[in-house]
Amino acid sequence: MSKLFSTKEVAVFLKVNEKMVYSLIAEKGLPATKVTGKWLFPLDLIEQWVEAGTVNYPETYITLPPYHGLVLIAGSNDLLLDKMISFFNSNFEGHMAMFGFTGSMGGLKALRKNCCHIAASHLVADNKEYNFPFIPKEMTPSPAVVNFCMREQGILVKKGNPDNIKSVSDFAQKGIKIVNRSLGTGTRQLFDRELQKAGLAGDDIQGYNNIVAKHMDLGLEIFSGRADAGPGIRPVAKILDLDFIPVCWERFDFLMLKDRFFDQGIQLFLGLMKEDFFKSAAQSLEGYDISKSGDVVYPMVDGKPLE
């Protein structure tokens with residue numbers, strides 16, 4: 001479990017006075033939870049909050065080599081993306097896509113450092129907008145953003161929901177054991193936000209620090225009976241015949257450096273989202289809305305995506 005700071009300790013950590021801490025909670029979304037009337041601050045979330053607000057990163061001097069048949073993708077794990085990569089590798093001789101699981105935030109950092117061609121991300125900001133608010137903080141110059149899909153996030157539970165779980169608030173019940181996703185993933189970020197809205201902290205929940213890397217790993221923990229519930233996506237529930245409690249639809253995007261956007265392999269890869277294969281794969285998995293898949297959604301001009 002992450003160390004918990006008191007208000008005084010977090011003020012020292014951030015080098016501000018204690019009154020400013022309360023302003024940061026209300027105005028800047030400083031991660032905090034109230035226990036027995038006192039504010040507590042998980043150190044790992046405070047560190048993420050500070051890092052997410054960092055600007056003026058030093059410019060990287062690493063340069064990806066000219067396109068030579070390899071498309072490097074880093075970021076968030078997804079079942080439809082797995083199918084897309086497999087199809088690409090099987091159908092385009094001389095081209096290959098490789099995926100590195102780093103979580104959504106890790107994908108943005110990899111793109112900023114020129115370690116990949118495409119970052120796969122679904123990070124949500126305080127205004128409920130996905131990915132765009134993180135671009136000025138993480139990327140200079142700003143990337144091009146293409147929508148991959150809309151995806152349904154929620155809670156995975158055992159078939160028949162024997163524990164009668166209706167929301168994350170029920171995770172505090174005695175006897176409920178969950179499984180969780182890694183820090184830096186969009187799913188974990190969303191889950192922690194839902195817990196905060198419910199007034200819960202990790203200490204309140206058995207299994208909060210039981211971490212798995214991927215969506216299917218989380219589903220298998222529940223399927224096997226080693227956990228009762230956990231945050232995840234509808235496609236995993238469909239495949240493993242688990243019950244699913246919806247929380248929200250999220251926007252999942254691909255981010256690319258503009259000077260690599262028209263590389264042959266990247267265009268071939270993005271083009272798959274307009275093919276029949278992609279539509280069939282999404283329908284078979286469930287929990288995806290691909291009506292905007294393949295559309296450029298950033299940069300924005302006058303509040304609208306650049307056509």
Side-chain angles (χ1 to χ4, degrees), residues 48 51-52 54 57 60 62 64 70-89 96-125 129-140 142-153 181-192 211-218 231-233 235-236 249-258 260-261 263 265-266 269-270 272-273 278 281-282 285 287-288 290 292-298:
Q48 284 185 58
E51 187 171 348
T54 301
Y57 280 98
T60 177
I62 300 172
L64 280 172
L70 186 63
V71 179
L72 299 174
I73 306 163
S76 182
N77 164 240
D78 180 76
L79 276 65
L80 183 57
L81 176 56
D82 290 343
K83 286 182 175 291
M84 191 174 169
I85 291 170
S86 295
F87 187 90
F88 181 84
N89 290 343
M96 183 169 63
M98 296 186 66
F99 176 76
F101 171 65
T102 60
S104 290
M105 184 59 76
L108 295 189
K109 293 181 185 300
L111 188 66
R112 174 170 56 81
K113 294 178 181 177
N114 272 320
C115 293
C116 66
H117 298 98
I118 299 174
S121 176
H122 57 105
L123 291 170
V124 62
E129 177 60 86
Y130 280 83
N131 298 319
F132 298 163
F134 296 89
I135 289 174
K137 299 173 183 177
E138 290 290 333
M139 302 294 301
T140 302
S142 63
V145 183
V146 171
N147 180 242
F148 170 50
C149 67
M150 295 292 292
R151 190 174 72 168
E152 195 171 15
Q153 284 272 10
R181 293 291 308 285
S182 307
L183 283 171
T185 62
T187 298
R188 172 65 176 270
Q189 180 206 36
L190 176 64
F191 179 50
D192 284 341
I211 305 298
V212 296
K214 297 183 178 181
H215 285 291
M216 189 59 72
D217 295 338
L218 186 141
I233 56 175
V236 171
W249 284 86
E250 62 177 4
R251 202 184 73 235
F252 195 142
D253 296 326
F254 290 151
L255 294 81
M256 292 143 286
L257 299 177
K258 292 174 185 173
R260 306 308 297 265
F261 182 73
D263 283 0
I266 290 176
F269 188 78
L270 297 178
L272 289 179
M273 290 185 283
F278 188 75
L285 289 170
Y288 291 103
I290 60 169
K292 300 293 184 182
S293 296
D295 292 355
V296 175
V297 294
Y298 189 93

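Just so you know, these numbers use all the heavy atoms, side chains as well, and skip hydrogens, waters and symmetry mates.
Nearest heavy atom pair, residue Gly186 against residue Leu123, reads CA-CD2, 4.3 Å. Between Leu218 and Pro231, the shortest heavy-atom contact is CD1-O, 3.2 Å. Counting all heavy atoms, side chain and backbone alike, Cys149 lies closest to Ile290 at CB-CG2, 4.3 Å. The heavy-atom pair separating Cys116 from Gly107 by the smallest distance is SG-O, 4.3 Å. When every heavy atom of Leu255 is checked against every heavy atom of Pro143, the shortest pair comes out as CD2-CG, 4.0 Å. When all heavy atoms are compared, the tightest approach of Ala281 to Leu80 is CB-CD1, 3.7 Å.
Interatomic distance, Leu285 CG to Arg151 CZ, rounded to the nearest 0.5 Å: 11.5 Å. The distance from the CG atom of Asp295 to the CG atom of Asp253 is 10.5 Å, given to the nearest 0.5 Å. Here the straight-line distance linking atom CG of Leu111 with atom NZ of Lys113 works out to 12.0 Å at 0.5 Å rounding. Atoms CE and CZ, on Met84 and Phe87 in that order, are 10.5 Å from each other to the nearest 0.5 Å. For the atom pair Ser76 OG and His215 NE2, the distance stands at 5.0 Å (nearest 0.5 Å). Between Leu72 atom CG and Ile266 atom CD1 the span is 9.0 Å, to the nearest 0.5 Å.
Ring planes of Phe269 and Phe254: tilted class, angle from 30 to 60°.
The backbone N or O of Gly75 lies less than 3.5 Å from a partner atom in the side chain of Thr102, making a donor-acceptor pair.
Side chains of Leu270 and Met256 form a contact here, defined as non-hydrogen atoms less than 4.5 Å apart. Counting heavy atoms from C-beta outward, Ser104 and Thr187 have side chains that stay 4.5 Å or more apart. In this structure the side chain of Ile73 reaches within 4.5 angstrom of the side chain of Phe99, judged on heavy atoms. Counting heavy atoms from C-beta outward, Val71 and Ile85 have side chains that stay 4.5 Å or more apart.
The pair Asp217-Lys214 does not count as a salt bridge, with every side-chain nitrogen at least 4.0 angstrom from each carboxylate oxygen.
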message: Is there a side chain to side chain contact (heavy atoms under 4.5 Å, CB included) between Asp78 and Tyr288? Walk through the geometry before answering.
response: CA-CA 11 Å; Asp78 180 76; Tyr288 291 103; 2.8 Å; yes

task: Give the intermediate values and the outcome of side chain to side chain contact (heavy atoms under 4.5 Å, CB included) for residues Val212 and Arg181.
output: CA-CA 5 Å; Val212 296; Arg181 293 291 308 285; 4.3 Å; yes

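His122 pairs by the ring pair (Phe, Tyr, Trp, His ring centres under 6.0 Å) definition with Phe252, not counting sequence neighbours.
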